[in-house]
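This report refers to the structure that appears directly beneath it.
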Amino acid sequence: QVTLVESGGGLVQAGGSLRLSCAASGRILGNYFMGWFRQAPGKEREFVTSMKWSTGHTYYADSVKGRFTISRDNAKKTVYLQMNSLKLEDTAVYYCGVGQPAFMTVARAYDYWGQGTQVTVSS
């Protein structure tokens, strides 16, 4: 099993920045993807970005490309989400997910999830 804990969320003004962290416990297999999804009230969990652990290949949703960056620290088994130029529509609970999905942009294809961290963009 893999346990994930997100942190770094908070309240930020539009145009500002935040960096989220997702610390993993357990074994992350080389063919796993580790990524970020978000969910706003009344909406489905939405793909944000994901990384294939073995290659470092990344994929971004069009809505965040150029503003968000996913990165990792292998020693800490931690993945980060650097969020810049935040917009009101970025407000959501952000979740870290791990798995070997057939379709990496589909939330239900992932095996493990953290508890989520709230990001609220104001003004």
Side-chain angles (χ1 to χ4, degrees):
Q1 297 92 348
V2 177
T3 300
L4 304 170
V5 179
E6 301 98 333
S7 62
L11 176 65
V12 64
Q13 290 187 336
S17 299
L18 283 174
R19 190 176 77 156
L20 308 183
S21 298
C22 174
S25 298
R27 187 180 181 188
I28 301 176
L29 300 179
N31 63 340
Y32 270 28
F33 285 76
M34 194 168 186
W36 292 93
F37 289 72
R38 64 189 183 186
Q39 189 165 19
K43 292 191 173 183
E44 295 181 348
R45 193 164 296 189
E46 175 191 29
F47 172 78
V48 177
T49 181
S50 191
M51 171 185 289
K52 188 173 184 178
W53 212 251
S54 62
T55 65
H57 173 77
T58 59
Y59 185 84
Y60 295 90
D62 289 341
S63 60
V64 306
K65 190 173 183 179
R67 300 189 297 121
F68 291 10
T69 303
I70 186 172
S71 62
R72 65 181 176 182
D73 185 329
N74 288 335
K76 297 180 179 179
K77 292 198 292 185
T78 299
V79 65
Y80 303 96
L81 181 64
Q82 179 66 46
M83 305 185 295
N84 298 325
S85 301
L86 283 162
K87 304 176 180 180
L88 294 178
E89 55 262 40
D90 294 320
T91 295
V93 177
Y94 283 70
Y95 296 91
C96 180
V98 170
Q100 42 184 323
F103 302 97
M104 66 177 179
T105 63
V106 179
R108 62 180 176 270
Y110 286 71
D111 298 316
Y112 306 100
W113 295 98
Q115 83 289 347
T117 185
Q118 177 71 49
V119 173
T120 302
V121 184
S122 66
S123 297

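Predicted model, so just to flag it, every value in this text is computed and none were measured. Residues: numbered from 1 along the sequence shown.
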Tell me the closest heavy-atom pair linking [X] and [Y], and the distance in Å.
{"X": "A92", "Y": "Q118", "value": "O-NE2, 3.4 Å"}
{"X": "K87", "Y": "D90", "value": "N-OD2, 2.7 Å"}
{"X": "K77", "Y": "G26", "value": "NZ-O, 2.5 Å"}

Using a 4.5 Å cut-off between side-chain heavy atoms of Ile, Leu, Val, Met, Phe, Trp and Tyr, which other residues end up in the same hydrophobic cluster as Y59?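 Listed partners: F33, F37, F47, V93, Y95, M104, Y110, W113.
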So do the side chains of [X] and [Y] get within less than 4.5 Å of each other, counting heavy atoms only?
{"X": "M83", "Y": "V119", "result": "yes"}
{"X": "M34", "Y": "W53", "result": "yes"}
{"X": "Y94", "Y": "Q39", "result": "no"}

Are the side chain of [X] and the backbone of [Y] linked by a donor-acceptor contact shorter than 3.5 Å?
{"X": "T117", "Y": "S7", "answer": "no"}
{"X": "Q115", "Y": "E6", "answer": "yes"}
{"X": "S63", "Y": "A61", "answer": "no"}

With rounding to the nearest 0.5 angstrom, report the CZ to SG distance, R72 to C22.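 Rounded to the nearest 0.5 Å, the CZ-SG separation comes to 13.5 Å.
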Please tell me whether N84 and S17 have a donor and an acceptor in their side chains that are separated by less than 3.5 angstrom.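 Distance-only check passes for N84 and S17.
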Dump the intermediate steps for side-chain contact (heavy atoms from CB on, under 4.5 Å) on Y80 and T69, then the final yes or no. CA-CA 8 Å; Y80 303 96; T69 303; over 6 Å; no
